[in-house]
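Working notes, beginning with the structure itself.
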Amino acid sequence: MPKMDYIDAIRLAMKEEMERDEDVFVLGEDVGYKGGVFTTTKGLIDQFGEERVMDTPLAESAIVGAAIGAAMYGMKPIAEMQYSDFMFPATNQIISEAAKIRYRSNNDWNCPLVVRAPMGGGIFGGLYHSQSPESVFFGTPGLKIVAPYTAYDAKGLLKAAVRDPDPVLYFENKKCYKLVNGDVPEGDYIVPIGKSNVLREGDDITVISYSLPLHFIMEAAAELEEEGIHAHVLDLRTLQPLDKDGVLEAARRTGKVLIVHEDNKFGGIGGEVAAIIAEEMLYELDAPVMRLCGPDVPAMPINPPGEKFFMLNKDKVKEAMKRLAVF
Amino acid sequence: MSQSESAVGQTKHASLGLTDEQVLEMYKLMVTARRYDERCLLLQRAGKIKFHVSGIGQEAAQVGAAFALDRNQDYYLPYYRDYAFVLSVGMTLRELMLCLFSKIDDPNSGGRQMPGHFGSKRLRIVTGSSPVTTQVPHAVGFALAAKMKRKEFVTFVTFGDGSSNQGDFHEGANMAGVHKLPVIFMCENNQYAISVPLHKQVAGRIADRALGYGFPGVAVDGNDPLEVYRVMKEARERAVRGEGPTLVEAVMYRLSPHSTSDEDLAYRTKEEVDANRDKDGIPKFKAYLVECGIWNEELEASMLQEIKAALDDATSFGDKAPFPEPEDILYHVYDGDDAGRGGR
């Protein structure tokens, strides 16, 4: 099975979906001849032309708003936000419009839109090229939100998003682009939206996460294995609709749960995951639910010591996992 | 020479390519919308419905615009005062009343949205919302789809003068200008954004804003349906020829308060409203039709009777229709989520 970088898997998903369906097109800032600021769309314009790989004016609300219009007509737009930090001008279009089109029209209209947005820090991007925006959109029924970690999921979830009849926010992690490399089978497959995935089985502690932190968690889990601590690791993959059954099953496996995300703790996804566990199986737990998250500050700074302090890494994750294991 | 005749002795509407039947239909739609609107105000005051947002004073421009479009294929993104427009593109009084009474069979939203938030795929009326101007980029997206799919349809979007200040207007207009998309932007400039008068919103002219985006902007007397028809027809022809968008600023006056929750005399005078009532497009158009010799008081009386009967029927139909079931609110968040509810 060929191995490929996470970013190449994203590009391959777009290429294959555009070959499969002529209504699929990409629009955004610098997606054309430049191929995107991260090269995510590189080469697509040569194969599909300017119309289907459309450089837009620098105006995020129009990018998403026009994509919503095209989607309501029946097209399958993939709107790229250059950084997820810059999708906030389009928030009204995403929350007031895309999320409510099926609902407010009583199922008469729908909006098969994909918004791709690179999230996360660790690249010296400072406050406005590093954020994790998922908690802003999480809790908006009508939206689906995915955040792949593996290269396999990066391809399969994007293909599922393109084919989904409802709006999907696809948060790709920019630090994963070249860091994460893995098996990606040739040919067509999708990863179903709404299903979590067990990355590693173990009977001592359960770690639930999504996106980049899973990289650190898997490294830490391998080291802890040698110390006799066996971690069960669940990748949420989809944040909305959240795989409640998958979460509960993973939590039941060990009765000790650590939730990890790079987004700050307060108001983050982890709170909802913890609440689901508390509501459904509090008395089956052997330890209080733990959370390891970014600090509650507006965003991470560009200076290296400050960024390092904000970011998760293998050591921070390993320490938290150990603490839970010995509880 | 009378006002209704051009130099060659032809009526103005004939010179624009409109038949006598068409202008009479336009007039009837204008009056129907006006009577519908007045009935809504009455029903709200009587406590029969919760809320109405009025379009009184804006009917002439809406009907003129609708008749200039291809009502067999164009897409429409109307805003919440466009009763005359949606009536002109096929929505019925019964459907509007189902919407007003928030009933399950309301084609716009199944009783979910406030009245005036239109939407009907069957009629190519694209679903709209309350945050103003979000529909402008959507219209640009429909026009983009027309261009990509090599379709002949044109997209028509309306909004108020207040909305012309929103970023979505400027972002959408710019994108449409850059890509020369087949979309017509019509600003229904009724002089007020709820209570804030035009001079506190816009320092220049709304029509001139198009110049910054590289396409024509035309201001037109919104009380004259034939003038609106004329500029809209030209705008549509430009769009079909691939020459891109047009901004039409239909200048008019909102004769009614903003909504049933608004006391308009807190911010404008009765004298100002009365002075504008004299410019109302409906009596003016009636006078034109009489002058053309195709309308008279007898026909007027019979038309009013017909409209009243249709409104009475629609009101009773809307009033008696069932509400949605309470648990209906749980459905249509995502595709297929109503699979288990027995096909309701």
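These values consider heavy atoms only, across backbone and side chains, with no hydrogens, waters or symmetry-generated copies. Just so we're on the same page: letters track the sequence lines, and every chain starts at 1. On a predicted model such as this, the values are computed, not experimentally measured, just so you know.
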**Asked** In terms of heavy-atom pairs under 4.5 Å, which option from A:G74, A:A70, A:A71 contacts chain B the most?
**Response** A:A70

**Prompt:** By a 4.5 Å heavy-atom criterion (distance strictly below it), what part of A:P165 contacts chain B: side chain, backbone, both, or neither?
**Reply:** side chain

**Request:** Taking B:R238 for its side chain and B:E243 for its backbone only, find out whether a donor-acceptor pair lies under 3.5 Å.
**Result:** yes

**Message:** Could you check whether any side-chain N or O of B:Q62 sits under 3.5 Å from a backbone N or O of B:P78, counting only pairs where one atom can act as donor and the other as acceptor?
**Reply:** no

**Asked** So B:F185 and B:T246, side-chain contact (heavy atoms from CB on, under 4.5 Å) or not? Walk me through it.
**Response** CA-CA 6 Å; B:F185 304 102; B:T246 305; over 6 Å; no

**Prompt:** chain A heavy atoms under 4.5 Å from B:F153: which part of the residue, side chain, backbone, both or neither?
**Reply:** side chain

**Item:** Side chains of A:I276 and A:L242 in contact at under 4.5 Å (non-hydrogen atoms)
**Value:** yes

**Prompt:** Picking from B:A143, B:G128, B:A146, which has the most non-hydrogen pairs under 4.5 angstrom with chain A?
**Reply:** B:G128

**Prompt:** Within the distance-only criterion (no hydrogens, no angle test), does the side chain of B:R209 pair as donor or acceptor with the backbone N or O of B:A173 below 3.5 angstrom?
**Reply:** no

**Request:** Go through B:V178, B:L181, B:I329 and name the one with the most non-hydrogen pairs under 4.5 angstrom from chain A.
**Result:** B:I329

**Request:** Let me know if A:L143 has heavy atoms under 4.5 Å from chain B in its side chain, its backbone, both or neither.
**Result:** backbone

**Message:** At a 4.5 Å cut-off on heavy atoms, which part of A:M72 comes close to chain B: side chain, backbone, both, or neither?
**Reply:** both

Check every N and O of chain B against chain A and note each donor-acceptor pair under 3.5 Å, with its distance.
| from | atom 1 | to | atom 2 | distance (Å) |
| --- | --- | --- | --- | --- |
| B:R112 | NH1 | A:Y103 | O | 2.8 |
| B:K121 | N | A:D108 | OD2 | 2.8 |
| B:I125 | O | A:W109 | NE1 | 3.3 |
| B:T127 | O | A:R104 | NH2 | 2.9 |
| B:T127 | OG1 | A:R104 | NE | 2.9 |
| B:G128 | O | A:R104 | NE | 3.3 |
| B:S129 | OG | A:E97 | OE2 | 2.4 |
| B:T134 | O | A:Q93 | NE2 | 3.2 |
| B:T134 | OG1 | A:E97 | OE2 | 2.9 |
| B:H138 | NE2 | A:Q93 | OE1 | 2.8 |
| B:K149 | NZ | A:E22 | OE2 | 3.3 |
| B:K149 | NZ | A:D23 | OD1 | 2.5 |
| B:R150 | NH1 | A:E51 | OE1 | 3.3 |
| B:R150 | NH1 | A:E51 | OE2 | 3.2 |
| B:R150 | NH2 | A:E51 | OE1 | 3.3 |
| B:D168 | OD1 | A:S61 | OG | 2.4 |
| B:D168 | OD2 | A:Q93 | NE2 | 2.9 |
| B:E171 | OE1 | A:S61 | N | 3.2 |
| B:E171 | OE1 | A:A62 | N | 2.7 |
| B:I329 | O | A:Y103 | OH | 2.6 |
| B:H332 | O | A:Y103 | N | 3.3 |
| B:Y334 | OH | A:G142 | N | 3.2 |
| B:Y334 | OH | A:L143 | O | 2.5 |
| B:D335 | N | A:D166 | OD2 | 2.7 |

**Request:** May I ask you to name which of B:P131, B:G172, B:G336, B:G167 has the most heavy-atom pairs under 4.5 Å with chain A?
**Result:** B:P131

**Pair B:F51-B:Q44, side-chain contact (heavy atoms from CB on, under 4.5 Å): steps then yes or no** = CA-CA 6 Å; B:F51 181 78; B:Q44 197 275 340; 5.6 Å; no

**Worked verdict on A:V53 versus A:F25 for side-chain contact (heavy atoms from CB on, under 4.5 Å)** = CA-CA 6 Å; A:V53 186; A:F25 70 105; over 6 Å; no

